[in-house]
Visitor: 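First the structure, which I've put down as structure tokens, then a few questions once you've had a look.
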Number of protein chains: 2
Amino acid sequence: MNLPQTAEYALRALAVIVTRGDTVSAETIAGEASVPQPYLQKVLRRLVAAGILDARKGPGGGFSLAKPPKKIRLIDVLNATDTSLPDACAFGWGKCDAKHPCPLHGTWSELKDSIHGWASRTTLEDVRQYADARLTPLRRRAP
Amino acid sequence: MNLPQTAEYALRALAVIVTRGDTVSAETIAGEASVPQPYLQKVLRRLVAAGILDARKGPGGGFSLAKPPKKIRLIDVLNATDTSLPDACAFGWGKCDAKHPCPLHGTWSELKDSIHGWASRTTLEDVRQYADARLTPLRRRAP
DNA sequence: CTAAAAGTGGACATAGATGTCCAGTATTCG
DNA sequence: CGAATACTGGACATCTATGTCCACTTTTAG
């Protein structure tokens, strides 16, 4: 019941990029996010393919967000990394809903709903704000 | 971000056993829960080893709960199947807490807490009650 | 124009989760 | 007692996620 490594790495990379606010090279991201660089490259490619990141080659190149942080929901990131959230009936039924529930339906729905809610509601803007508020507290001191 | 098959199978098996309320053979469980029997046996063994189920050999034998449903939390079932819930820092930091948070700490904690809460709070008694209320509505009709 | 920086694409390797099988052991019942 | 019923334990097969490597292309800057 964990995020796949791939998805976690994607989130780490995006956290680095969004807190920096501009273009960051794969090498830098790998260092800051403690991700093996060869694999990270592969993950970043997927985020580019999904339209979440822009890539720029050549000296000074790297990766930057392709849209405003507020427009990038965690669920978009998870989709881009082939990470499926709990969806199917936990009891293995093809049709399973409130009208024709399997024995696990109630219990399982609670979990599903809360995970889906989290992934749909949270955006990179939330990550940015958190990091901004908690990681650089000096900036916010009263004069 | 799904439960491992093994854990899901364990939950299915327990749902069958708790709704029946007495000893059920592996063959019956496999049929009702749509789980391949050879693998199910392996899963059931783990639940026995963890003290969640009792096993009885011989004709009329099978598996039954080793304790009252209320005493069996989902998290116990997950532990018995080696299913770890999200725990470590999503950013890869060794130390990461509210005082020294990584950039993902806030976002990640929301998810972790809700999954942990669900698994710790929910017991097989909840599953039993749900099944009892929703799956056999006839029993509950007014006279 | 050319050399260095940096991303791209795909082949290949590995480990752990999933799943099958079979020979053994215990228990019940006639 | 002995035969049928179930559970037990472990060996073995397979597939997917993870991870590495390398040759290639594009872009910048002098």
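The sequence lines fix the lettering, A, B, ..., with proteins before strands; numbering per chain opens at 1. Keep in mind that this is a model prediction, so the values were computed, not measured.
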Visitor: Grab the CD-P distance between A/Gln5 and C/dG16 for me, whole Å please.
Guide: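 Interatomic distance, CD of A/Gln5 to P of C/dG16: 13 Å.
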
Visitor: Between A/Tyr39 and A/Thr6, is any side-chain donor less than 3.5 angstrom from a side-chain acceptor?
Guide: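 Note: A/Tyr39 and A/Thr6 side chains meet the donor-acceptor criterion.
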
Visitor: Scan side-chain atoms only and decide if B/Thr122 and A/Thr107 contain a donor-acceptor pair under the 3.5 Å cut-off.
Guide: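 The answer is no; no qualifying pair exists.
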
Visitor: In terms of side-chain heavy atoms of A/Lys42, which of D/dT8, C/dA11, C/dT8 is nearest?
Guide: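 When the side chain of A/Lys42 is considered, C/dA11 is the closest of D/dT8, C/dA11, C/dT8.
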
Visitor: Taking only Lys NZ, Arg NE, NH1 and NH2, and the carboxylate oxygens of Asp or Glu, determine whether B/Arg73 and B/Glu125 approach each other closer than 4.0 Å.
Guide: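 The answer is no: the pair does not qualify as a salt bridge.
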
Visitor: Nearest whole Å is fine: how far is D/dG9 C1' from B/Leu40 CG?
Guide: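 B/Leu40 atom CG is separated from D/dG9 atom C1' by 16 Å.
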
Visitor: In whole Å, what is the span from the CG atom of B/Asp54 to the P atom of C/dA26?
Guide: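 Atom-to-atom, B/Asp54 to C/dA26, this comes out as 18 Å.
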
Visitor: Which is more 5' along DNA chain D, the nucleotide nearest A/Pro36 or the one nearest A/Gly58? Just name the residue.
Guide: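 Comparing both residues, the 5'-ward one is A/Pro36.
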
Visitor: Please work out if A/Gln41 contacts a base, only the sugar-phosphate, or nothing of the nucleic acid, heavy-atom cut-off 4.0 Å.
Guide: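 Contact class for A/Gln41: base.
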
Visitor: Once you round to the nearest 0.5 Å, how far does CG of B/Leu104 lie from CG of A/Asp126?
Guide: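 With rounding to 0.5 Å, CG (B/Leu104) is 12.0 Å from CG (A/Asp126).
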
Visitor: Of the nucleotides C/dT20, D/dT8, D/dT18, which has the atom closest to the B/Pro38 side chain?
Guide: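 The listed nucleotide nearest to B/Pro38's side chain is C/dT20.
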
Visitor: Could you tell me the separation between the CG atom of B/Leu3 and the P atom of C/dT18, rounded to a whole number of Å?
Guide: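 About 10 Å, once rounded to whole Å.
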
Visitor: Please report, rounded to the nearest Å, how far the C1' atom of D/dC7 is from the CZ atom of B/Arg46.
Guide: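 Between C1' of D/dC7 and CZ of B/Arg46: 17 Å.
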
Visitor: What nucleotide, of C/dG19, D/dT8, D/dC7, holds the atom closest to the side chain of B/Tyr39?
Guide: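 The closest nucleotide is C/dG19.
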
Visitor: Taking the side chain of B/Lys57 as heavy atoms from C-beta outward, which of C/dG7, C/dT18, C/dT25 is closest to it?
Guide: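 Looking only at side-chain atoms, B/Lys57 lies closest to C/dT25.
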
Visitor: Distance check needed: C/dA17 P versus B/Leu78 CG, whole Å only.
Guide: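 Between P of C/dA17 and CG of B/Leu78: 15 Å.
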
Visitor: Can you confirm whether more than 12 heavy atoms, excluding those of A/Glu27, are under 6.0 Å from its CD atom?
Guide: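 No.
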
Visitor: Check the distance between D/dT5's C1' and B/Gln37's CD and give it to me in whole angstrom.
Guide: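 Between C1' of D/dT5 and CD of B/Gln37: 12 Å.
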
Visitor: Would you say D/dT18 has OP1 or OP2 under 4.0 Å from some side-chain N or O of A/Tyr9?
Guide: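 A/Tyr9 to D/dT18 OP1/OP2: no side-chain N or O under 4.0 Å.
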
Visitor: In whole angstroms, how far is the C1' atom of D/dA6 from the CD atom of B/Glu27?
Guide: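 Interatomic distance, CD of B/Glu27 to C1' of D/dA6: 10 Å.
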
Visitor: Please figure out whether B/Gly60 or A/Gly60 has its closest DNA chain C nucleotide nearer the 5' end.
Guide: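 It is A/Gly60 whose nearest nucleotide is closer to the 5' end.
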
Visitor: Picking from C/dT28, D/dT8, D/dC7, which would you name as closest to the side chain of B/Arg45?
Guide: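 Given the options C/dT28, D/dT8, D/dC7, the side chain of B/Arg45 is closest to D/dT8.
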
Visitor: Looking at C/dT27, C/dG7, D/dT18, which one has an atom nearest to any side-chain atom of A/Thr6?
Guide: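 Taking heavy atoms from C-beta onward, the closest nucleotide is D/dT18.
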
